[in-house]
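Because the structure is predicted, anything quoted here is derived from the model rather than measured. FYI, side chains are in, hydrogens and waters are out, and symmetry mates aren't considered; it's all heavy atoms of this structure. So that the names make sense, note that chain A is the first sequence line, chain B the second, and so on, each numbered from 1.
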Amino acid sequence: MHTQYSPQNIEPVIQQRWEDQHTFHVDENSSQPKYYCLSMFPYPSGKLHMGHVRNYTIGDVLARFHRLQGFHVMQPMGWDAFGLPAENAAIKHGVPPAAWTYDNIAHMRNQLKRLGLSIDWQRELATCKPDYYRWEQWLFTELFKKGLIYRKSAMVNWDPVDHTVLANEQVIDGRGWRSGALIEKREIPMYYMRITAYAEELLSGLDHLPHWPEQVKTMQRNWIGKSHGCEVHFPYDSDSIGLEGVLKVYTTRPDTLMGVTYVAVAAGHPLATHAAQQHPQLAEFIAACQRGSVAEADVATQAKLGMDTGLFVIHPLNGEKLPVWVANYVLMAYGEGAVMAVPAHDERDFEFAQKYKLCVKPVIIPGDYQLASESLLNDSNALFDGLENISRPALHGINSNQVIDWTHGWQSCFAERGTLFASGVYDGMNFDTAFDAISNELVVHQLGGKRTQFRLRDWGISRQRYWGCPIPIIHCEYCGDVLVPAQDLPVILPEDVVVTGAGSPLAQSPDFYACTCPNCGRDARRETDTMDTFVESSWYYARYASHDCGTAMLDERAKYWLPVDQYIGGIEHAILHLLYARFFHKLMRDQGLLHCDEPFSRLLTQGMVIAPTFHREYPDGKKDWYSPAEIELSNDERGRPASAVLKADGAPVSIGNIEKMSKSRNNGVDPQTLIDQYGADTARLFMMFAAPPEQSLEWSDAGVEGAYRFLRRLWHFCMEHIHAGTVTAWSFQDGAAHTPLSEPLKTLRRQLHNAIKKIGDDYSRRQTFNTAIASIMELLNSLHRLDDHSLLARQVVQEALEAMLIMLSPIAPHLCTALWPELCPDSSLESQCWPIIDETALQQDTLKLMVQVNGKLRGEICMDRNAVQADIEREALAEPSVIKHLSGQQPKKIIIVPGRLVNIVL
RNA sequence: GCCGGGAUGGCGGAAUUGGUAGACGCAGCGGACUCAAAAUCCGCCGCCAGCGAUGGUGUGGGGGUUCGAGUCCCCCUCCCGGCACCA
């Protein structure tokens, strides 16, 4: 064995042995409890980036730790192989998406293997292969039969120059990323999955996931957005509208109904379309609203604009005529596409009313306020006509002297629940009473009533793209939408196409779309849309269990392995991917394929690895993004990046935000250099040491030397110990007969067994690997300081080194595997289990207590473990620095925190 | 805009249940070894004042609760993620 630590020599040998001996292959026959450890599979973008290294190292650490704990561990890997970047690469470099994807997979698989992950590679899958996606198509047909998939139209980003639908990501400042054309919203037909049918279960299921991060559950709850409110119908004013009917709105604040001063509808609302027929200016405004991207973030941040339709509706309770406005902040996709506006009690409505001089009518007195005087109560019954006239009513704080009214701009308390006034028979009611009374009254008039609403919308899965799973539908002029029969599946995606970026290649390939109707046999047209790639990633975790099953989507093995015991992936997937996967799990369960209700028992959401971005912007709005590797940075005097130039041409580039490493921003850092230079163990150790897994991490390779130095120090210390001759570890389980240990050896053993306890907790409950590593480093520092070469001391060192190698092996498996047989001849690390804690080694006879005076640290005392309160107080008061700070005063109180500190209060 | 997070020395981070702020590591400084350098080993290292003993101050900013706050509460600033067609 080498005296020098040489990862380049040992790592490939050990990896080859794992591969030859199928060390990590698992089946379903084991007496040990199963542990399914899964990391989110990667998109094969071309190269691994640091986010991948972090994700897969965390997964591997947990997998290896659980093997040491006696679990039967399955850790698979695969490829989320469909998606937009393959088409982008095809447009840019002329390579077919399939070839590009398979090349990337081959390269990234090698990179993953070089990291030494304990993966069962026989289960590898790629979602772009027909033997994977055929089952997705099969499930689609089953769900379609059940009515869980249906067709309706949806708004998309339309590029009028390239005649193509763009992803939100491809719309930059309202323009197409390639053409630079102004983007329009356009309505096209799509297939939808009825996720709302499972909204209630997806919500309540979160309460049964105790090992999911609270923040993820909160985000999903808010996303599903269950709310209790009222549907309110505003009858049409037939004089202005010329039609009979009602305008439906949904509100969570029926208590403010008497404060409604106008209603606002989305630009796509039928009433808006109706009004625009007589109103060219309005038609122009609606057209303007149709420009720009469909992304909610864009819609919600644009300036609030609106226009009066000239139409009126009737207030359902007091009969007043209310103007109908078209507003760009009302979303057609949410609720009824129309809102009742209560400017006095809703911030957005208030802002809109201010801008367009609409009435503000306060009807709620917030909890901490009362009306400033009785007389104002009567005056306030009038509608305030525009902002100038809303000086009343004024509110007076109950617990403060603050007087506020609506002329001073928006106050957040206006949106709070409170007591109704200026609301006729409802005056004086609180929120709950008013809610019931008003909704009952609406029911009586058949103009609405209580309703529970979800924010969650059905999932549109059609994509007008090539590189995805074909939707198994045939459109027949006579039979309508016909499912592709099971025996004709899979509908295979042709791999030899030319991608231009203008329109879908499938819609231009008669070889693909020309077919006959399975029902009537006449000529028909195959659906050319493909599925959202989130569909593939919603069920891959289950397919790993039945990876080679050719007769069904899943088999009995899935029931053995599922649910996934530990799922690890980026926090950016907190909502969409994790919600869709939970949804699919329930769909597969209801199809009889699975027994459990949730796919992932425990979830670790890894923080993102972020890095600076560099780009150049062109006059037409297009941007080129450059990799950090192509950039030369110069720093200012404080060491912050000041300017950047492209190495290739020496000309400046703009420094952008620090963002998650991604293909689209081109700011990923390739870990290959790190692995080539220092080895996989150092790369893994450094990644785990840099920060706890859940925290986001700005990439920097400063400190990687330190990780390497530690492994080398450990190697050398072991080698020196081994060369001095073989000893057996000091074992507390041998029973009595031990020579008593010296104080330094006792201290060392106390530190060791405290560390075993702490590191076990760090790996399992806390999942903080940085602190586990720090503890092992501290142990090595202590071993270095130990100046005792007696046999007894060498036995204690042997005990410590064995435990340290086992405890470090999940993080640096190659080094530990290589050293183990040297340290313990005729034995292998693979057959070891987690070290056992010697409780007697943890005992301490004396304890150090910190002494504070008025909460400030003034000294410390050493006390016997069993010291009583009076002894501690006496000892603390006798401390010289305490006497000094008491300066003769009598303490008022002495607080003792057992085993920690004494606080003397003056 | 809405939802969810985050902010601690020059840097990454630690402090697990309200109880010694800065573990562990990086960088830096000083020393040993060396012809020299690298590597290695030993020591110092929040900021201010002081020769020192020591004292003051300090966890993004402002307020509060408490004997005691990085940790709990209220307000604010900046940064990161998500917002349904990036994955």
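The same atom, P, is picked in A14(B) and in G9(B); the two are 13 Å apart, to the nearest Å. Using P as the reference atom, A39(B) and G52(B) are 32 Å apart when rounded to the nearest Å. Between G81(B) and C76(B), the distance separating the two P atoms is 23 Å to the nearest Å. Here, U66(B) and C73(B) have their C1' atoms 12 Å apart, quoted to the whole Å. Using C1' as the reference atom, C67(B) and C79(B) are 36 Å apart when rounded to the nearest Å.
Heavy atoms of Ser462(A) sit under 4.0 angstrom from at least one base atom. Counting non-hydrogen atoms under 4.0 angstrom, Pro42(A) reaches nothing in the nucleic acid. When heavy atoms are screened at a 4.0 angstrom cut-off, Ala574(A) is found touching no nucleic acid atom at all. Within 4.0 Å of Arg900(A), counting heavy atoms only, lie sugar-phosphate atoms of the nucleic acid but no base atom. Residue Val156(A) is classed as a base contact, given a heavy-atom separation below 4.0 Å to a base. Here Lys884(A) lies in heavy-atom contact (under 4.0 Å) with sugar-phosphate atoms only. Residue contacts for Leu84(A): at a heavy-atom cut-off of 4.0 Å it reaches the sugar-phosphate backbone alone, with no base atom in range. At a threshold of 4.0 angstrom between heavy atoms, the contacts of Gln852(A) include nucleobase atoms, whether or not backbone atoms are also involved. Arg785(A) comes within 4.0 angstrom of no nucleic acid atom, judged by non-hydrogen atoms across all strands. Residue contacts shown for Lys856(A) are limited to sugar-phosphate atoms, with no base heavy atom under 4.0 Å away. Residue contacts shown for Phe710(A) are absent, as no nucleic acid heavy atom lies under 4.0 Å away. Across all strands shown, Val704(A) has no heavy atoms under 4.0 Å from either base or sugar-phosphate atoms. Residue Tyr43(A) is classed as a sugar-phosphate contact, given heavy-atom separations below 4.0 Å to backbone atoms only. Residue Thr301(A) is classed as a base contact, given a heavy-atom separation below 4.0 Å to a base.
With C26(B), C80(B), G25(B) as the choices, the nucleotide that has an atom nearest any side-chain atom of Ala702(A) turns out to be C26(B). Nearest nucleotide to the Gln215(A) side chain, out of G5(B), C26(B), C3(B): G5(B). In the set G13(B), A27(B), A15(B), the nucleotide with an atom closest to the side chain of Arg709(A) is A27(B). Which of C67(B), G12(B), A15(B) sits closest to the side chain of Asn903(A) comes down to C67(B). Listed candidates were C83(B), A15(B), G19(B). Nearest to the side chain of Trp223(A) is C83(B). Nearest nucleotide to the Ala167(A) side chain, out of C24(B), U20(B), C86(B): C86(B). Residue Ala297(A) places its side chain closer to C83(B) than to any other of C67(B), C83(B), G12(B). Nearest nucleotide to the Glu572(A) side chain, out of G25(B), C26(B), G81(B): G81(B).
At C42(B), none of the side-chain N or O atoms of His784(A) fall inside 4.0 Å of OP1 or OP2 (strictly under the cut-off). Contact annotation: Thr533(A) reaches the phosphate of A87(B) (side-chain N/O to OP1 or OP2, under 4.0 Å). At the phosphate of G1(B), neither OP1 nor OP2 sits under 4.0 Å from any side-chain N or O atom of Gln302(A). The phosphate of A84(B) (OP1 or OP2) has a side-chain N or O of Asn168(A) nearer than 4.0 angstrom. OP1 or OP2 of C2(B) has not a single side-chain nitrogen or oxygen of Asn222(A) nearer than 4.0 Å.
Below 30°, between 30° and 60°, or above 60°: for Tyr5(A) and Tyr708(A) the angle between ring planes is between 30° and 60°, a tilted geometry. In this structure, Phe583(A) and Tyr198(A) have perpendicular ring planes: the angle between them is above 60°, well past the 30° mark.
With hydrogens and angles ignored, a donor-acceptor pair closer than 3.5 Å exists between the side chain of Arg765(A) and the base of U16(B).
Going from atom CD1 of Ile610(A) over to atom P of C79(B) covers 12 Å, rounded to whole Å. Between the CZ atom of Phe82(A) and the C1' atom of C86(B) there is a distance of 17 Å, rounded to whole Å. To the nearest angstrom, P of A87(B) lies 17 Å from CD1 of Ile575(A).
A donor-acceptor contact shorter than 3.5 Å links the side chain of Asp159(A) to the backbone of Asp162(A). Looking at Arg54(A), its side chain does come within 3.5 Å of a backbone N or O of Gly607(A) through a donor-acceptor pair. When atom types are taken as modelled, the side chain of Asn667(A) and the backbone of Glu659(A) share a donor-acceptor pair closer than 3.5 angstrom.
Tested against Ser462(A), the residues Val165(A), Ile188(A), Asp529(A) include a single side chain to side chain contact (heavy atoms under 4.5 Å, CB included) partner, Asp529(A).
Between Met219(A) and Asp458(A), the residue anchored nearer the 5' end of RNA chain B, judged by the nucleotide with its closest heavy atom, is Met219(A). A residue-by-residue look at Arg712(A) and Met190(A) shows that Arg712(A) has its nearest nucleotide of RNA chain B further toward the 5' end.
The pairing partner recorded for G28(B) is C44(B), the criterion being a Watson-Crick or G-U wobble arrangement whose two distances lie under 3.5 angstrom. Checking G1(B) for Watson-Crick or G-U wobble geometry (two distances, each under 3.5 Å) identifies C83(B) as its partner. Across the strands present, A36(B) finds no partner; the criterion is a Watson-Crick or G-U wobble pair with both atom distances under 3.5 angstrom. For U77(B), the paired base is A7(B) (Watson-Crick or G-U wobble, both distances below 3.5 Å).
The glycosidic torsion of G9(B) lies within 90° of 0, which places this base in the syn conformation.
A centroid separation of less than 6.0 Å is found between the aromatic rings of His784(A) and Phe717(A). Aromatic ring centres of Tyr540(A) and Phe41(A) lie closer together than 6.0 Å.
Between Trp223(A) and Leu456(A) there is a side-chain heavy-atom pair separated by less than 4.5 Å.
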